[in-house]
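Inspection log for the structure reproduced underneath, given as structure tokens.
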Amino acid sequence: MEINTHNAEILLSAANKSHYPQDDIPEIALAGRSNVGKSSFINTLLNRKNLARTSGKPGKTQLLNFFNIDDKLRFVDVPGYGYAKVSKAERAKWGKMIEEYLTSRDNLRAVVSLVDLRHDPSADDVQMYEFLKYYEIPVIVVATKADKIPRGKWNKHESAIKKKLDFDKTDDFIIFSSVDKTGLDQAWDAILDKI
Ligand SMILES: Nc1nc2c(ncn2[C@@H]2O[C@H](COP(=O)(O)OP(=O)(O)O)[C@@H](O)[C@H]2O)c(=O)[nH]1
Ligand SMILES: [Mg+2]
């Protein structure tokens with residue numbers, strides 16, 4: 001499929017089902033802990049400096065943000081998890097919103113699950129991955145900030161992450177950097193393969 005990535009815009013923000021777009025355009029959702037590099041990933045894929053806001057204030061976005069890409073594909077930015085300063089009630093609301101989207105959305109083709117290549121996945125990362133596997137949602141694991149560790153150590157970090165996640169070999173695993181664009185083509189290939 002030919003997609004003009006220059007033709008990208010934020011479409012709407014949704015708190016629940018009633019706000020989701022109603023059509024058959026395929027969606028790729030993006031999930032990860034706050035500060036993992038999710039907004040940077042979206043900006044890098046769409047070759048934009050600041051379409052998805054990269055902010056120093058994690059946990060601010062509490063809605064599902066839908067990005068329209070050339071009327072052929074949507075990215076759905078799921079608010080980051082694991083932000084300590086969020087109340088229990090807010091966390092529960094967040095959980096319900098994500099669960100509703102992930103378990104009921106027919107348009108959803110795959111979830112890009114972002115983890116930091118430098119660190120073992122957090123308990124939240126593992127829980128998210130298990131959740132996606134349970135609901136048989138295809139996952140593209142994107143390990144971010146690869147520029148921060150030497151190339152010679154990438155394999156070791158990849159293995160550690162896969163072990164901790166109990167990684168399913170039918171999923172994709174992509175080492176990524178929004179600084180030097182490592183993994184950019186691979187990420188697009190994996191996404192286009194799912195839609
Ligand atoms: N070195 C490096 N920094 C990154 C990368 N991706 C994101 N960052 C930085 O990590 C911080 C959080 O990024 P952001 O995209 O806002 O994360 P989000 O909270 O997951 O949306 C920012 O300071 C980014 O500049 C990357 O690939 N390499
Ligand atoms: Mg963000």
Side-chain angles (χ1 to χ4, degrees), residues 5 8-15 27-69 74-87 90-91 93-95 97-98 101-102 110-129 131-132 139-158 160-161 165 172-191:
T5 55
E9 57 178 1
I10 176 109
L11 182 67
L12 58 86
S13 300
E27 291 174 353
I28 299 287
L30 301 105
R33 140 182 97 58
S34 297
N35 228 27
V36 69
K38 187 157 50 70
S39 298
S40 302
F41 177 81
I42 295 172
N43 287 333
T44 302
L45 260 67
L46 299 178
N47 201 17
R48 291 291 191 85
K49 278 218 162 64
N50 207 2
L51 183 66
R53 190 170 292 146
T54 40
S55 101
K57 286 185 188 157
K60 261 196 88 183
T61 37
Q62 292 304 326
L63 299 169
L64 297 165
N65 289 313
F66 289 71
F67 294 88
N68 169 25
I69 305 158
R74 276 193 294 266
F75 283 168
V76 181
D77 189 1
V78 172
Y81 50 79
Y83 185 54
K85 284 187 183 139
V86 170
S87 71
E90 269 183 282
R91 208 177 298 250
K93 217 167 83 184
W94 178 93
M97 179 177 76
I98 309 306
Y101 175 80
L102 294 175
V111 172
V112 172
S113 184
L114 296 109
V115 297
D116 190 319
L117 181 62
R118 296 171 297 173
H119 311 299
D120 271 3
S122 68
D124 287 329
D125 291 331
V126 174
Q127 198 181 12
M128 174 59 80
Y129 189 72
F131 179 91
L132 297 169
V139 185
I140 301 166
V141 174
V142 167
T144 62
K145 310 195 184 184
D147 58 282
K148 291 204 174 187
I149 45 177
R151 202 169 274 259
K153 292 188 175 162
W154 285 0
N155 263 330
K156 195 186 91 184
H157 287 254
E158 176 174 340
I161 291 168
L165 291 179
D172 294 287
F173 189 101
I174 295 163
I175 291 178
F176 190 84
S177 164
S178 54
V179 169
D180 61 23
K181 300 192 176 10
T182 293
L184 175 60
D185 292 343
Q186 259 182 295
W188 266 121
D189 286 348
I191 289 167

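For ligands, and for the atoms within them, numbers begin at 1 and follow the listed sequence.
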Quiz item: Applying the side chain to side chain contact (heavy atoms under 4.5 Å, CB included) test to Thr144, which of Thr44, Val36, Val179 qualifies?
Solution: Val36
Quiz item: Do you know which of Phe75, Phe67, Phe66 makes side chain to side chain contact (heavy atoms under 4.5 Å, CB included) with Glu27?
Solution: Phe66
Quiz item: Is the closest N or O pair between Val36 and ligand 1 shorter than 3.5 Å?
Solution: yes
Quiz item: Checking side chain to side chain contact (heavy atoms under 4.5 Å, CB included) against Val76, which of Leu11, Leu30, Leu64 comes through?
Solution: Leu64
Exercise. Using a strict cut-off of 4.0 Å, indicate which atoms of ligand 1 neighbour a heavy atom of Ser177.
Key: 27 (O)
Quiz item: What atoms in ligand 1 come closer than 4.0 Å to a heavy atom of Gly37?
Solution: 6 (N), 7 (C), 13 (O), 14 (P), 15 (O), 17 (O), 18 (P), 20 (O)
Practice problem: From atom 13 (O) of ligand 1, work out which of Gly80, Ser39, Ser178, Ser40 has a heavy atom at the shortest distance. | Solution: Ser40
Quiz item: Of all the atoms in Ser40, is at least one N, O or S atom closer to the Mg ion (ligand 2) than 2.8 Å?
Solution: no
Quiz item: Are any of the side-chain heavy atoms of Met128 and Asp125 separated by less than 4.5 Å?
Solution: no
Quiz item: If we only count N/O pairs under 3.5 Å, is Lys148 in contact with ligand 1?
Solution: no
Practice problem: Please indicate whether any nitrogen or oxygen in Lys38 is less than 3.5 Å from any nitrogen or oxygen in ligand 1. | Solution: yes
Quiz item: Is the closest heavy-atom distance from Asn35 to ligand 1 below 4.0 Å?
Solution: yes
Exercise. Have a look at Val141 and tell me which of Ile174, Leu165, Asp172 forms a side chain to side chain contact (heavy atoms under 4.5 Å, CB included) with it.
Key: Leu165
Practice problem: Sequence neighbours left out, what passes side-chain hydrogen bond (donor to acceptor under 3.5 Å, both in side chains) with Arg48? Give chain and number order. | Solution: none
Quiz item: Are Thr182 and Asp147 close enough that some pair of their side-chain heavy atoms sits under 4.5 Å apart?
Solution: no
Self-check item: Min N/O separation Ala146 to ligand 1 under 3.5 Å
Solution: no
